[in-house]
Amino acid sequence: MTIAPARHNGERGQTAWSDAQLLYALEEVVEKELNRHLKIAKDWMPHEYVPWSDGRNFAGVLEDGEPWAPEQSKVSDIGRIALVVNLLTEDNLPSYHHEIATLFGRDGAWGTWVHRWTAEEGRHGIVMRDYLLTSRAVDPDELERFRMAHMSEGFESDNSHSMLHSVAYVAFQELATRISHRNTGHHSGDPVCDRMLARIATDENLHMVFYRNLLGAAFELAPDQTMCAVRDVVTGFRMPGHGMPGFERSAARMAIGGIYNLRIHHDDVLQPVLRYLKVLEIGGLGPAGLAAQEELGLYMDGLDGQARKFDERQAAILARREANRR
């Protein structure tokens, strides 16, 4: 494949790269990060994290089946809500694979990574569903209805139009997913669930590192374009599960419950990636990159202010709940 050279006007930050050029130019970085990932990542068996001895038949076609009831669950109320949201998000893996395979390609190091990532993510849905059904953590009928509704809608990323936007998005989204899984485990009330989600979170962190390092390489090649992509992604960020049934209500309850909220999004997701890559300190940008960098800095300041207001509302809500329990 012959790739035309990127257009350059002699000033750092002004090179215009097409998606095809960037994919080609970043191939060596992808191969390096893939090799690093394969050395660090550890295979694990989903079935080892499931308490199979707790399982029994559900009501339905089997004569000895027992209907599900909320009191059968060992998981907290907020844990059940977050587990359903997290699993439904994982369920759309076929759509995610289609998007990244179409955007990044199926050949070379890019293709190897796409398939490896998909295989690893597939484990997450397997172990979560097996755990939820075996432990009777959630209503299985409702879970299946939600799955059918969510997957029937499919998924189209907000960033599928741009390779750079997609890389920027997953650098933040993989970390957001890790945080959501980890906090769900902490708030679940079930040590088995906590251990299972900790294992998943480890994978998500490795995926974040892959994309974060790739984003850093993109800043070296195309600083202005990458800065604009990061600005767009950060200011318009949405989790991939936003289209699932009842997402807004579930997200609100997860926010109050400390699973994922504005403070967590600002402090534990956006800031770590921006800080690691020194995004707000990058110099030598052209006009477009400088404008995007300034907008990004202003947005982060505003988000921190919004998070402080949320912290106050959350504290007031939790205080009222505690008072009502007395």
Side-chain angles (χ1 to χ4, degrees), residues 1-37 96 99-114 117 156-176 207-238 269-300:
M1 177 174 64
T2 301
I3 302 293
R7 299 192 306 276
H8 188 67
N9 68 2
E11 183 180 348
R12 184 180 185 269
Q14 297 300 300
T15 301
W17 295 77
S18 68
D19 278 0
Q21 290 165 342
L22 281 167
L23 286 167
Y24 183 78
L26 289 169
E27 178 85 20
E28 289 186 9
V29 180
V30 172
E31 184 172 4
K32 175 185 174 183
E33 290 302 316
L34 173 63
N35 289 335
R36 180 197 56 77
H37 177 85
Y96 307 150
E99 288 231 343
I100 65 172
T102 300
L103 192 64
F104 297 155
R106 295 172 172 82
D107 300 320
W110 280 106
T112 302
W113 167 254
V114 166
W117 175 87
E156 183 176 357
S157 168
D158 296 330
N159 309 287
S160 58
H161 61 287
S162 162
M163 176 267 189
L164 268 180
H165 282 72
S166 295
V167 169
Y169 175 75
V170 289
F172 294 104
Q173 181 267 320
E174 292 283 3
L175 182 52
H207 297 165
M208 178 277 293
V209 171
F210 178 95
Y211 288 118
R212 183 196 64 191
N213 292 351
L214 193 58
L215 185 62
F219 267 115
E220 290 295 319
L221 288 173
D224 273 24
Q225 285 175 261
T226 306
M227 187 66 73
C228 290
V230 170
R231 182 267 321 275
D232 294 343
V233 164
V234 168
T235 58
F237 186 88
R238 297 194 295 174
V269 176
L270 299 182
Q271 284 282 32
V273 176
L274 295 176
R275 190 183 305 117
Y276 182 89
L277 296 176
K278 297 182 170 63
V279 173
L280 297 178
E281 302 169 23
I282 292 174
L285 297 167
L290 278 173
Q293 190 180 49
E294 291 173 3
E295 290 173 35
L296 184 59
L298 289 172
Y299 177 82
M300 291 298 294

J.: Rounded at 0.5 Å granularity, tell me how far CE in M208 sits from CG in L175.
T.: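 Going from the CE atom of M208 to the CG atom of L175 covers 5.0 Å.
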J.: Mind running side-chain contact (heavy atoms from CB on, under 4.5 Å) on Y276 and N213 for me, showing each step along the way?
T.: CA-CA 10 Å; Y276 182 89; N213 292 351; 4.1 Å; yes
J.: Could you tell me whether E27 atom CD has more than 12 heavy atoms of other residues or ligands within 6.0 Å of it?
T.: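 It does: E27 CD has more than 12 such atoms within range.
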J.: Return the minimal non-hydrogen interatomic distance between V269 and A176, and the atom names on each side.
T.: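 Smallest heavy-atom distance, with atoms named: CG2-CA, 3.8 Å.
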J.: In terms of the angle between their ring planes, are H207 and W117 parallel, tilted or perpendicular, with boundaries placed at 30° and 60°?
T.: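 Tilted: the ring planes of H207 and W117 meet at 30° to 60°.
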J.: So L214 and V30, do their side chains get closer than 4.5 Å, heavy atoms only?
T.: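 Yes - at least one pair of side-chain heavy atoms lies under 4.5 Å apart.
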J.: Within the structure provided, determine whether L277 and R212 are in side-chain contact (heavy-atom separation under 4.5 Å).
T.: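 The answer is yes; the side chains approach within 4.5 Å.
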J.: In Å, rounded to the nearest 0.5 Å, how long is the span from OG of S166 to CG of L215?
T.: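 With rounding to 0.5 Å, OG (S166) is 11.5 Å from CG (L215).
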J.: Kindly state whether the ring of F172 and the ring of Y211 have centres lying under 6.0 angstrom apart.
T.: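 No.
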J.: Which atom pair, heavy atoms only, marks the closest approach of V273 to A171?
T.: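 Minimum heavy-atom contact is CG2-O, 4.0 Å.
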J.: Step through it carefully: locate the ring centre of F210, locate the ring centre of W113, and say whether they are under 6.0 Å apart.
T.: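 Yes, they do, as the ring centres are separated by less than 6.0 Å.
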J.: Just wondering, do W110 and L26 contact through their side chains at under 4.5 Å, heavy atoms?
T.: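 They are in contact (side-chain heavy atoms under 4.5 Å apart), so the answer is yes.
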J.: Quick check: are there more than 12 heavy atoms from other residues, nucleotides or ligands sitting under 6.0 Å from CG of N35?
T.: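 Correct, the count exceeds 12.
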J.: I need the R275 CZ to L270 CG distance, nearest 0.5 Å.
T.: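 One gets 10.5 Å once the value is rounded to the nearest 0.5 Å.
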J.: Which atom pair, heavy atoms only, marks the closest approach of C228 to A288?
T.: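 The answer is SG-O, 3.8 Å.
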J.: Would a distance-only check, ignoring hydrogens and angles, find a side-chain to backbone donor-acceptor pair under 3.5 Å from Q293 to M227?
T.: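 No, the answer is negative, given that no donor and acceptor are paired below the 3.5 Å cut-off.
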J.: Would a 4.5 Å heavy-atom cut-off, applied to side chains only, mark R36 and V209 as touching?
T.: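 A side-chain contact exists here, since the closest heavy-atom pair is under 4.5 Å.
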J.: Can you tell me how far apart CD (E295) and OG1 (T235) are? Round to the nearest 0.5 Å.
T.: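 Rounded to the nearest 0.5 Å, the CD-OG1 separation comes out at 8.0 Å.
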J.: Can you name the closest pair of heavy atoms from D224 and G286 and give their distance?
T.: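 Residues D224 and G286, closest heavy atoms: OD1-N, 3.0 Å.
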J.: Closer than 3.5 angstrom, by distance alone: can the side chain of Q225 be matched with the main-chain N or O of W17 as a donor-acceptor pair?
T.: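 Flag set: sc Q225 to bb W17 pair under 3.5 Å.
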J.: Rounded at 0.5 Å granularity, tell me how far CG in L290 sits from CG in L285.
T.: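 Spacing of CG (L290) from CG (L285) equals 5.0 Å.
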J.: Under 6.0 Å from the OH atom of Y299, do we count more than 12 heavy atoms belonging to anything else shown?
T.: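 Yes - once you tally the heavy atoms of other residues, nucleotides and ligands closer than 6.0 Å, there are more than 12.
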J.: Kindly give the heavy-atom pair with the smallest separation between L22 and A222, and that separation in Å.
T.: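 Nearest pair, atom of L22 first, then A222: CD2-CB, 4.4 Å.
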J.: Roughly how far, to the nearest 0.5 Å, is the CG atom of L296 from the CD atom of E294?
T.: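 Going from the CD atom of E294 to the CG atom of L296 covers 11.0 Å.
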J.: Is there a side-chain contact between V230 and L274 in this structure, where contact means two heavy atoms from C-beta onward sitting under 4.5 Å apart?
T.: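 Touching, per the 4.5 Å side-chain cut-off.
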J.: Side-chain contact, heavy-atom cut-off 4.5 Å: Q271 with M300?
T.: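 A side-chain contact under 4.5 Å exists here.
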